[in-house]
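See below for the structure under consideration.
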Protein chains: 2
Amino acid sequence: MSSSSTAPRRGGKAEAAAAKPPIRDALVAAAFRLFLERGYEQTTVDDIVALAGVGRRSFFRYFPSKEDVVFPDHERCLADMTAFLAASSDGDEPVRRVCDAARLVLGMYAENPAFSVQRYRLTKQVPGLRAYELSVVWRYERALAEYLRGRFAGRRDGTLEADVIAAAVVAAHNNALRSWLRSDGEGDAGATVDHALGYVQAAFGHAEAEPGGRRSGAGAGASARTAADDVVVVAARRGTPLWRVVREVETALGPSGAARD
Amino acid sequence: MSSSSTAPRRGGKAEAAAAKPPIRDALVAAAFRLFLERGYEQTTVDDIVALAGVGRRSFFRYFPSKEDVVFPDHERCLADMTAFLAASSDGDEPVRRVCDAARLVLGMYAENPAFSVQRYRLTKQVPGLRAYELSVVWRYERALAEYLRGRFAGRRDGTLEADVIAAAVVAAHNNALRSWLRSDGEGDAGATVDHALGYVQAAFGHAEAEPGGRRSGAGAGASARTAADDVVVVAARRGTPLWRVVREVETALGPSGAARD
DNA sequence: CGCGTACATGGCACTCAGTGCAGTATTTCG
DNA sequence: CGAAATACTGCACTGAGTGCCATGTACGCG
């Protein structure tokens, strides 16, 4: 719950100039050094604390489990995402909002490309870490889904929509993120994720999703649903691919066009 | 990759009654009895093997971990799903195919409603089991995604589409499954899942642009509305949830199996 | 200044999951 | 009946995670 906030308070005493990393950072550094040079399962917690120069008991005071040291900032990121979603207003388009929330996670990865790539290689080949990452991702997905459930409350299949859209957003985000990680963090992570999320927005969102990924900061004001007599009629030939009809309907119902691909 | 197939070979002869793996089933029964009456974490493997009357070492010969005993048939189900997907032909509509594959999983749950409900209550309140279930679900999702990636090979964003659709299918399936489990397995699981998967099919199905009027033979049921000719007209109020319009259009365009409620 | 408190840390011992190894029972085939 | 293969059991060991208590240190208060 508060893995990052579990860190003891910073000592007020100015210790030299920049002795920021308390014990927690030393543990992360030691752990990654050993994980990379001899493997995750071949490294025991005793090895880590020995290299970090702290007691074994302290490790579990900073990280509830050995796996947690591999994801040292996810708790903070999850808290950021929750706060971001809680700060939305009713004017926000829900799907766009969860897409933006997903971009927060990408931002965390993009902060330390080298670290993220190392961790990616690690989690890719250690089943235990992969399983742990799944539980982390699941919490992100639940946060998005819970937000959408709130926004979709009252709709007939609100929870179904919320769960499906949240899963789609997470899947698109992860697809782009992993593609970026596989390229050793060389490409433009933001553009890749924007493209992937644009696909989801085109499928589920009512607002515009520009193919280039540069999204306009505005975009609110999609609600014109008070006009009950405002009826849209769409005609299509039988045999038309459904996605074309969907696009037609979407452009007719929404304020602006939804461009896909 | 063969947790369930780890079971020792039974002599092929005596298959008259139903005693395929005696020890394995005894372990599952003993485990669930103890899990339900005193909790998962409060039950040790020694407790289970003592109640089952076997040696402790035998437990780990049948189940690679303590968590596996809670999901004794998922390996078989995953193998079934993989085989089902591998047996598809190019004529199958990909999205429909993965939806049908998801229904296989539901079938496994529906085989033993009481057992499934018990397990659901267990996994809901034990974080370790929830994490393990995530890894199981992840393997299903990967199987669906890999199949779709194969079918979408050549498309511009084939892997992205595949991942997103697989995630959406799994999310819809789980939404319906959990709703059914929450009702103690009373309702119609099949109808619930059909409804949820119909939503995903409406959003993603028929996405391949097939030139010419040849529509996929999905559903194969008699077209209910043969009276209408070439053109279908749909009217909707502005502000209607998009998925409802999509469903409307889909049912109007052809018998595609969207479940009515 | 001395003392008590609070807290971070270290060390120890313990439980339990999971594994390797060796011995024993049971089956199967010659 | 004997030999090999296989399933089962017991035992000892590693390592993660936890509870408990001792220690060191900073802070506050009289």
Side-chain angles (χ1 to χ4, degrees), chain A residues 1-15 19-28 30-31 34-35 38-71 126-129 131-132 135, chain B residues 2-15 19-28 30-31 34-35 38-71 122 126-129 131-132 135:
Chain A
M1 56 190 70
S2 57
S3 166
S4 67
S5 63
T6 313
R9 51 143 192 80
R10 296 271 309 111
K13 267 292 175 59
E15 205 171 57
K20 287 196 61 177
I23 294 185
R24 186 185 157 91
D25 292 348
L27 285 171
V28 174
L34 294 173
F35 290 165
R38 81 172 77 154
Y40 176 81
E41 279 143 336
Q42 283 66 44
T43 304
T44 71
V45 175
D46 298 82
D47 297 334
I48 301 172
V49 297
L51 180 60
V54 299
R56 164 186 165 79
R57 201 64 181 78
S58 292
F59 181 93
F60 292 104
R61 239 178 241 115
Y62 284 97
F63 303 99
S65 81
K66 186 185 170 189
E67 287 110 351
D68 281 287
V69 80
V70 183
F71 306 90
V126 179
L129 289 181
Y132 188 86
S135 72
Chain B
S2 55
S3 166
S4 69
S5 62
T6 313
R9 292 205 57 74
R10 291 302 298 165
K13 282 277 196 177
E15 286 181 3
K20 289 174 293 185
I23 294 187
R24 187 183 156 91
D25 291 350
L27 285 171
V28 173
L34 294 173
F35 291 165
R38 82 171 77 154
Y40 176 81
E41 279 143 337
Q42 283 67 42
T43 304
T44 71
V45 175
D46 298 83
D47 297 334
I48 300 172
V49 297
L51 180 59
V54 300
R56 164 185 165 80
R57 203 63 181 76
S58 292
F59 180 92
F60 292 102
R61 208 173 282 112
Y62 284 97
F63 303 99
S65 81
K66 186 185 170 188
E67 287 110 356
D68 281 286
V69 80
V70 183
F71 307 89
L122 217 51
V126 179
L129 290 181
Y132 187 86
S135 72

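The basis for the numbers below is simple: all heavy atoms, side chains too, and nothing from hydrogens, waters or symmetry mates. Values in this document were obtained by computation on a predicted structure and should not be read as measured data.
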Handout entry: Candidates C/dG18, C/dA17, D/dG17 - which lies nearest the side chain of B/Ser65
Key = C/dG18
Completion exercise
Sequence neighbours excluded, the answer for ring-ring contact (aromatic ring centres under 6.0 Å, His included) partners of B/Phe71 is B/His74, B/Tyr132
Problem - Nearest-angstrom distance from the residue atom CD1 of A/Ile48 to P of D/dG15 - result: 12 Å
Fill in the blank from the handout: The side-chain hydrogen bond (donor to acceptor under 3.5 Å, both in side chains) partners of B/Tyr40 (sequence neighbours excluded) come to none
Practice task
State, with a plain yes or no, whether a side-chain heavy atom of B/Val28 is found less than 4.5 Å away from one of B/Phe63.
Solution key: yes
Practice task
In whole angstrom, give the distance that lies between atom CZ of B/Phe60 and atom P of C/dA17.
Solution key: 7 Å
Completion exercise
For B/Ala52 and B/Ala26, the nearest pair of non-hydrogen atoms, with its separation, is CB-O, 4.0 Å
Problem - Rounded distance (Å) that lies between atom P of D/dT18 and atom CD of B/Gln42 - result: 14 Å
Exercise for the section: Could you check how far CZ of B/Phe59 sits from P of D/dA7, rounded to whole Å? Expected result: 19 Å
Practice task
Could you state the atom-to-atom distance from OH of B/Tyr62 to C1' of D/dA7 in whole Å?
Solution key: 7 Å
Completion exercise
Rounded to whole Å, the CG-P distance (A/Leu27 to C/dA8) equals 15 Å
Exercise for the section: Using the test side chain to side chain contact (heavy atoms under 4.5 Å, CB included), find all partners of A/Leu34 that sit at least two apart in sequence or belong to another chain. Expected result: A/Glu37, A/Arg38, A/Thr43, A/Asp47, A/Ile48, A/Leu51
Exercise for the section: Please name the residue in the list A/Val126, A/Leu129, A/Val70 that meets the side chain to side chain contact (heavy atoms under 4.5 Å, CB included) test with A/Phe35. Expected result: A/Val70
Show the distances under 3.5 angstrom between N or O atoms of the protein and N or O atoms of nucleotides 9-13 of chain D.
unit_1	atom_1	unit_2	atom_2	d
D/dT9	OP1	B/Gly55	N	3.2
D/dT9	OP2	B/Gly55	N	2.8
D/dT9	OP2	B/Ser58	OG	2.4
D/dT9	O5'	B/Gly55	N	3.4
D/dT9	O4	B/Arg61	NH2	3.4

Completion exercise
When rounded to whole Å, the NZ to P distance for the pair B/Lys66 and D/dG15 reads 22 Å
Practice task
In whole angstrom, give the distance that lies between atom CD of A/Glu41 and atom P of D/dA16.
Solution key: 10 Å
Exercise for the section: Report the residues that fulfil side chain to side chain contact (heavy atoms under 4.5 Å, CB included) with B/Val45, sequence neighbours left out, ordered by chain and then residue number. Expected result: B/Val49, B/Arg56, B/Phe59, B/Phe60, B/Lys66
Exercise for the section: Five pairs at each end of the helix from C/dC1-D/dG30 to C/dG30-D/dC1: take the axis at both ends and give me the angle between them to 10°. Expected result: 10°
